[in-house]
Amino acid sequence: MTNSFDDIPFFGDEDEPAARKPQAPGERPQAAAGGLGIAARAMAARGGQREAPDYLSGLNPEQREAVEKTDGPVLVLAGAGTGKTRVLTTRIAHILATGKAFPSQILAVTFTNKAAREMKERIGMLVGGAVEGMPWLGTFHSIGVKLLRRHAELAGLRSNFTILDTDDVVRLIKQLIQAEGLDDKRWPAKQFAGMIDTWKNKGLLPADIPEGDARAFANGKGRELYAAYQARLRTLNACDFGDLLLHPIAIFRKTPDLLKEYHQRFRYILVDEYQDTNTAQYMWLRLLAQRPQGVPQNVCCVGDDDQSIYGWRGAEVDNILRFEKDFHGAKVIKLERNYRSTEHILGTAGHLIAHNEGRLGKTLFTDRVNPDDEKVMVHAAWDSEEEARAIGEEIERLQRGDGIPGSEGKKHALNDMAILVRASFQMREFEDRFVTLGLNYRVIGGPRFYERLEIRDAMAYFRLVCQPADDLAFERIINTPKRGLGDTTIRYLHDYARARDIPMLQAAADIVETDELKPKPRKALFDVVQSFRNWSQRLESTPHLDLAEQILEESGYTDMWKADKSAEAPGRLENLKELIRSMEAFESMRGFLEHVSLVMDAEQNENLDAVSIMTLHSAKGLEFDTVFLPGWEEGLFPHQRALDEGGRSGLEEERRLAYVGITRAKRRCHIWFVSNRRIHGLWQSTMPSRFLDELPQAHVDVAASETNYGGYGGRGGYGQSRFDKADPFANSYSTPGWKRAQANKTDATRDNWGSRSGHSIERIGYGESGPRGRTIDGELVAKSVADVPSQFSVGDRVFHIKFGNGNISAIEGNKLTIDFDRAGQKRVLEGFVERA
DNA sequence: AGTTTAGTGATTTTT
DNA sequence: TCACTAAACT
């Protein structure tokens, strides 16, 4: 490989000075050593070969191999709690310390900003902070932006393009749907935004989407609408999140020379959470990582197939399973030594996840065994209210320090406890309970700061000041606060701007010079235009914090909330102050906007001691001493919809979710299920989750019933099983999958369920001989979308449990369009019908 | 134009 | 049930 960075002008801005020109492989960057805190030590160590540099000590042999095998493709399968982040950061430190690359020659990709931040901090600690940042460490999206800003013109954009968030996208699509003369009620913009997102996750441009998909929306105009959307983005000089990946991919494909330059630049590539990559990210990565034959591909992907829980939003576990094929001669390193959890927790999680097929197969172990370690506990409660009450009590007990074996009297901080739920509606009951108990709690992953109305309004003002062509921002705030610029005026402006292909703010500036508008709106519009002119001028001269404040004051936006008498108004004003405070960390308003468009989360208050409540999904990557896992009931967990829509692979993803949940626990894990839960307002009796049957007896205890209730299908007269009802089908709330399961139930499964319902709670959780066979009704419901040819053909007469008899009029994958005799035309999943 | 009412739909979520 | 959205009032 040759080093030709000096010849590439646009790299100049961040490259090391010429004197520190990177070395060819094998050579050492002598000059660079001075800039790297640990480099000298590392090089000294290399001289004496035997003694390892400090940062390598304390790694186990597998971790150490993952760190030291820097050249060639490496796949690190890092189980939960096996020191994954440590390996990644140490590996980067090692590459730097041994002088194999400069910080600017390492591409390190994460999924979330949080992970990126954490990695930066930890590398800083290892390397002694001497390496100021790594320019190419970030999320897929933030690196995508960086690439795209440099080469925007190759994607038909200007480099100051704006990044639209979901809200903007939906509004834009709505406009397009209306412009097409379509009914925006029949074709919801939100749904189409979701479809576009799905396509972009798969790397599909309008020309690439499957015909069926294209026809399924907007009277068959799906493809045209998608294309119109892309065209509109271009004229707006804007990107959505998907474009941040797709544009670079397109650029690299059509400009091989440019790609080559990046190949030379990125000597080492690292990817975190590889199991979560979607097809677009995978394409992006392959472009950057795959090298011509004979050139080493120094790519290291770290992930855990057992923690892949984002399949529903396009993640492809296949990417990790396929790594060895994609990168020839790949070294696969498994990290299985767990530093987080007790053997009971690991044993439980391991036994559960072993029920999945199609995994690479790891078994976590620990040798830190303590006789005081508590087994995983399974508890039953009558209903969700009791579940919340009992968990609340347990939390208070732990907080007081009662009855914690091995740590008598020691208090358990609330910060080290978490309740992990499958669906966010479950949180409410806990919140209600904790409010009455006066127990501090913190909900993680709720509505986010930057998604709040007032924040988005304020941001729209800032956006328009920095980017006068931002029509979406213009439309958002032109009449907020009320200025008497109603629909008619805005529509007129819109049409005027579109006709001349100019931004709306420009259109407004033109129009106020004419007498097209009535005096009132004209005056109002004139004032707004003047204000924006003013603010834009101050952009360079006024400190951005002051300017932000002035904008919100002068526009009347803060006054609007001050005048508002509603309960939330003071909070909103507070949020606006917080917004301005948070701008302090940035150099300019533009810098701030860039950050916010990519970082939608805001920091949480860490000082408060509080129990965390969050979904299982947002718990990935976290750990707690004590974890509560409520709601392990069929239909909720595994979720019925995952079963209906994902079939067996859906079930397996749910099981991985359960695995993620259990492995968050360091010392204590309490699983709960209830016999009755309110779903959509109606009480439903529920069955214990099949996952409970998949837990190993050796590591699990079932709690004795804490009340007279509890337990499932008891003979004591409580907890009626559905089978006791005169007609289990009568309940209109039972789901299609459930009905189907009922309809197709074989004798074997009937026995299975029958026996379960007869067991007392002490038995729940165990079959007669450990874990039972895999799926029960997972197989009875819809088959996976994946390439299963339909067993039906057009014209077939079929029966649907809800809609009755009908004829198939079209088939797309596993979706059938059926003309029902009574119910009319419906699209249903193949799994829900049978031959009539 | 702002408020009231009817309708709807209801996992998981980052960027 | 309940929360959010769109249209129908006043």
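Each chain gets a letter, A, B and so on, in the order its sequence line appears, and its residues count up from 1.
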Is [X] stacked against the base of [N], taking the criterion as centroid distance under 5.5 angstrom and interplanar angle under 30°?
X	N	result
A:His639	B:dT11	yes
A:His680	B:dG9	no
A:Trp312	B:dT12	yes

**Request:** Report the residue (A:Gly484 or A:Met427) whose heavy-atom-nearest nucleotide on DNA chain B is the more 5′ of the two.
**Result:**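 This one resolves to A:Gly484.
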
**Message:** Nearest heavy atom decides the nucleotide; on that basis, is A:Thr615 or A:Leu485 closer to the 5' end of DNA chain B?
**Reply:**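 Its nucleotide being nearer the 5' end, the pick is A:Leu485.
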
For atom [atom1] of [X] and atom [atom2] of [N], their distance in whole Å:
X	N	atom1	atom2	value
A:Asp167	B:dT15	CG	P	17 Å
A:Gln191	B:dA10	CD	P	10 Å
A:Tyr310	B:dT15	OH	P	10 Å
A:Asp276	B:dT15	CG	C1'	13 Å
A:Gln307	B:dT14	CD	C1'	17 Å
A:Leu622	B:dT14	CG	P	12 Å
A:Ile177	C:dA6	CD1	P	12 Å
A:Asp168	B:dT15	CG	C1'	14 Å

Contact under 4.0 Å: [X] side-chain N or O vs [N] OP1/OP2:
X	N	value
A:Asn113	B:dT14	no
A:Ser618	B:dT13	yes
A:Thr139	B:dT14	no

Could you give the side-chain donor-acceptor pairs of residues 170-182 of chain A under 3.5 Å, partners two or more places apart or in another chain?
from     : atom 1 : to       : atom 2 : distance (Å)
A:Arg171 : NH2    : A:Asp168 : OD1    : 3.0
A:Gln175 : NE2    : A:Glu475 : OE1    : 2.8
A:Gln175 : NE2    : A:Glu475 : OE2    : 3.1
A:Gln178 : NE2    : A:Asp184 : OD2    : 3.0
A:Glu180 : OE1    : A:Lys221 : NZ     : 3.4

**Message:** Filter on ring pair (Phe, Tyr, Trp, His ring centres under 6.0 Å), then keep only pairs touching residues 164-189 of chain A, sequence neighbours left out; what's left?
**Reply:**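 Those involving residues 164-189 of chain A are A:Trp187-A:Phe217.
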
**Message:** Salt bridge check, A:Arg677 against A:Glu387: does any charged N sit closer than 4.0 Å to a carboxylate O?
**Reply:**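 A salt bridge is present here (some side-chain N lies under 4.0 Å from a carboxylate O).
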
**Prompt:** Are A:Arg655 and A:Glu694 ion-paired here, with the side-chain N under 4.0 Å from a carboxylate O?
**Reply:**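 Yes, A:Arg655 and A:Glu694 are salt-bridged.
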
**Request:** Please evaluate the base of B:dT12 for a donor-acceptor partner in the side chain of A:Arg313 within a cut-off of under 3.5 Å?
**Result:**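 It does not, because no donor-acceptor pair links the side chain of A:Arg313 to the base of B:dT12 below 3.5 Å.
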
My understanding is that only residues two or more places apart in sequence, or in another chain, count here; which of them pass salt bridge (charged side-chain N to carboxylate O under 4.0 Å, His left out) with [X]?
X	value
A:Asp240	A:Lys200
A:Arg428	A:Asp432
A:Asp457	A:Arg476

**Asked** Do the ring planes of A:Trp561 and A:Tyr557 sit parallel (below 30°), tilted (30 to 60°) or perpendicular (above 60°)?
**Response**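 Answer is perpendicular, since the angle exceeds 60°.
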
**Pair listing, salt bridge (Lys or Arg N to Asp or Glu O under 4.0 Å) test, anchored in residues 656-665 of chain A, at least two apart** =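 Passing the test, one end in residues 656-665 of chain A: A:Glu653-A:Arg656.
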
**Prompt:** Looking only at atom P, what distance separates C:dT5 and B:dT12, rounded to whole Å?
**Reply:**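 These two P atoms come out 16 Å apart once rounded.
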
**Item:** Nearest-Å distance once atom C1' is located in both B:dT13 and C:dC2
**Value:**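 To the nearest whole Å, 22 Å.
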
Distances under 3.5 Å between nitrogen or oxygen atoms of protein and nucleotides 2-5 of chain C:
from  : atom 1 : to       : atom 2 : distance (Å)
C:dA3 : OP1    : A:Arg428 : NH1    : 2.6

**Message:** How would you summarise protein contacts on nucleotides 2-7 of chain B per nucleotide, using B for base, S for sugar-phosphate only and - for none, with heavy-atom distances below 4.0 Å?
**Reply:** S-----

**Asked** Which one, B:dT14, B:dT12, B:dT11, comes nearest to the side chain of A:Ser424?
**Response**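 Closest nucleotide among those given: B:dT12.
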
**Asked** Hey, does A:Glu273 reach any base, or is it just sugar-phosphate, or nothing, if we go heavy atoms under 4.0 Å?
**Response**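 Nothing: the residue A:Glu273, judged by heavy atoms under 4.0 Å, touches no strand.
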
**Message:** Is it the case that the side chain of A:Arg483 and the backbone of A:Ile478 share a donor-acceptor pair, with hydrogens and angles ignored and the cut-off at 3.5 Å?
**Reply:**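 The answer is yes, because a donor-acceptor pair under 3.5 Å joins these two groups.
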
**Those residues that, when tested against A:Tyr310, pass ring pair (Phe, Tyr, Trp, His ring centres under 6.0 Å) (two or more places apart)** =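 With sequence neighbours excluded, A:Tyr310 shows a ring pair (Phe, Tyr, Trp, His ring centres under 6.0 Å) to A:Trp312, A:His617, given in chain and number order.
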
